Amino acid sequence: MKRLNIKGVYIFIIIFLIWGIGSFFNLWNSYIIPSPLKIWESFLKLIENGKLIRHIGISLKRIGIGFSITVFLALPLGIFFGTFPRIYMYFKSIFEFLRHTPPLALIPMIILWFGIGETSKIVIIVLASFFPVFLNVLKGISQCDKKYIEVGQVFKLSKKDIFCKIILPNSIPDILIGLKLGIGYSWRAIIGAELIAASSGIGYLILDAQQISRSDIVVLGIIVIGVTGIATDYLFSYLVTSYLKKKKGDYNEEYV
């Protein structure tokens with residue numbers, strides 16, 4: 001499992017101490033930088049009335065749906081184009097064009113096409129998370145070591161067996177990296193979408209707080225985004241590590 005970086009916590013402690021001391025001695029405007037105590041009180045209030053949990057749940061649900069669609073699309077496309085690179089050359093230009101177009105820049109058109117409902121949020125997530133997954137799958141499949149493939153050919157393996165037993169297992173690390181990056185991009189994209197057109201979610205919570213001049217809730221929302229993102233990344237890393245260890249154990253048992 002991915003170990004928690006204890007050294008990385010020190011900088012957060014230092015920032016928190018400076019923040020708390022500065023707020024206590026009124027070294028800055030409390031409206032611009034609210035005190036930790038004020039944010040803690042807002043956190044407890046939002047937990048008590050259920051608003052914070054509801055907004056987090058809505059954002060996570062959108063990410064789950066959008067990222068599932070991304071995996072459903074990006075995995076087979078990456079495998080197909082990685083297996084047939086000559087066909088990919090016909091589509092590479094359009095993929096590169098879409099990859100360099102920020103999803104948030106497409107929000108006005110997406111709203112015109114799909115409205116401001118859930119569909120537009122899902123589309124933005126798919127656009128943001130598709131290419132990290134697709135390109136890593138493509139890389140893993142297309143850049144498999146040729147020596148491994150030649151060994152399979154020496155043993156007269158069929159093309160199907162070469163793909164299933166050599167190419168696909170060799171690409172697993174790249175695929176997992178792509179999935180991990182895709183989740184991160186999904187989280188950032190949904191926050192941006194909710195800031196522009198939404199009536200729920202963490203992004204909406206921040207925007208609504210800004211409009212009513214509640215800087216404490218704005219900062220709280222930012223903290224929640226960071227903590228939730230770290231927790232999601234840590235959980236995914238744990239699941240991936242557990243899976244790889246299990247597969248390694250199964251492999252060792254098979255050949256003992």
Side-chain angles (χ1 to χ4, degrees), residues 54-82 88 91-142 171 173-208 210 218 221-237 239-240:
R54 181 173 65 86
H55 287 302
I56 293 174
I58 291 172
S59 293
L60 290 177
K61 179 182 177 181
R62 289 167 177 162
I63 291 172
I65 296 173
F67 187 68
S68 297
I69 295 174
T70 290
V71 173
F72 179 77
L73 295 175
L75 275 179
L77 282 175
I79 291 173
F80 177 78
F81 286 126
Y88 176 63
F91 296 89
K92 185 175 181 180
S93 297
I94 186 65
F95 276 112
E96 287 297 308
F97 174 80
L98 293 174
R99 182 171 72 89
H100 288 91
T101 304
L104 295 182
L106 300 175
I107 287 180
M109 293 303 300
I110 292 173
I111 292 175
L112 287 175
W113 292 339
F114 302 102
I116 60 173
E118 292 300 302
T119 303
S120 60
K121 315 292 187 304
I122 302 303
V123 170
I124 292 170
I125 292 173
V126 173
L127 290 174
S129 60
F130 176 85
F131 286 102
V133 179
F134 170 76
L135 291 176
N136 276 278
V137 175
L138 181 68
K139 174 178 176 291
I141 296 295
S142 62
S171 67
D174 289 300
I175 293 175
L176 295 177
I177 290 174
L179 294 174
K180 183 177 179 180
L181 291 173
I183 291 177
Y185 277 86
S186 298
W187 185 246
R188 287 190 288 271
I190 190 57
I191 296 302
E194 290 173 348
L195 281 170
I196 295 174
S199 58
S200 59
I202 295 297
Y204 167 78
L205 179 67
I206 294 174
L207 181 62
D208 184 61
Q210 180 263 328
V218 173
I222 295 171
I223 294 174
V224 169
I225 291 170
V227 172
T228 307
I230 292 174
T232 303
D233 180 79
Y234 186 79
L235 177 61
F236 184 82
S237 298
L239 294 175
V240 168

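The structure displayed is predicted, hence computed values, not measured ones.
Put simply, the side chain of Ile225 reaches to within 4.5 Å of the side chain of Trp187, judged on heavy atoms. No side-chain heavy atom of Leu138 sits less than 4.5 Å from a side-chain heavy atom of Asp174. At least one side-chain heavy atom of Leu106 sits less than 4.5 Å from a side-chain heavy atom of Leu127.
Counting all heavy atoms, side chain and backbone alike, Val133 lies closest to Leu179 at CG1-CD2, 4.0 Å. Residues Gln210 and Val218 share a closest heavy-atom pair of N-CG2, 3.7 Å. Residues Gly82 and Ile141 share a closest heavy-atom pair of C-CG2, 3.5 Å. The nearest pair of heavy atoms linking Leu75 to Ile175 is CD2-CG2, 3.9 Å.
Side-chain N or O atoms of Asn136 include one that pairs as donor or acceptor with a backbone N or O of Pro132 at under 3.5 Å.
Ring centers of Phe130 and Tyr185: at least 6.0 Å apart, outside the cut-off. You'll find the ring centres of Phe81 and Phe95 inside the 6.0 Å limit.
Between the OG atom in Ser186 and the CD1 atom in Ile122 there is a gap of 9.5 Å [rounded to 0.5 Å]. Of the inter-residue distances, the one linking Ile125 atom CD1 with Arg188 atom CZ reads 13.0 Å to the nearest 0.5 angstrom. In this structure, OG on Ser142 lies 10.0 Å from CG on Leu135, to the nearest 0.5 angstrom. Note: Phe134 CZ to Phe131 CZ = 7.5 Å, rounded to the nearest 0.5 Å.
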Under 3.5 Å, side-chain donor or acceptor atoms of residues 56-69 against the rest of the protein: list the pairs with distances, not counting sequence neighbours.
from  : atom 1 : to     : atom 2 : distance (Å)
Ser59 : OG     : His55  : O      : 3.3
Ser59 : OG     : Glu194 : OE1    : 3.1
Ser59 : OG     : Glu194 : OE2    : 2.9
Ser59 : OG     : Ile202 : N      : 3.0
Arg62 : NE     : Glu118 : OE1    : 2.8
Arg62 : NE     : Glu118 : OE2    : 3.3
Arg62 : NH1    : Glu194 : OE2    : 2.7
Arg62 : NH1    : Ser200 : O      : 3.1
Arg62 : NH2    : Glu118 : OE2    : 2.7
Arg62 : NH2    : Ser200 : OG     : 2.9
Ser68 : OG     : Gly64  : O      : 2.6

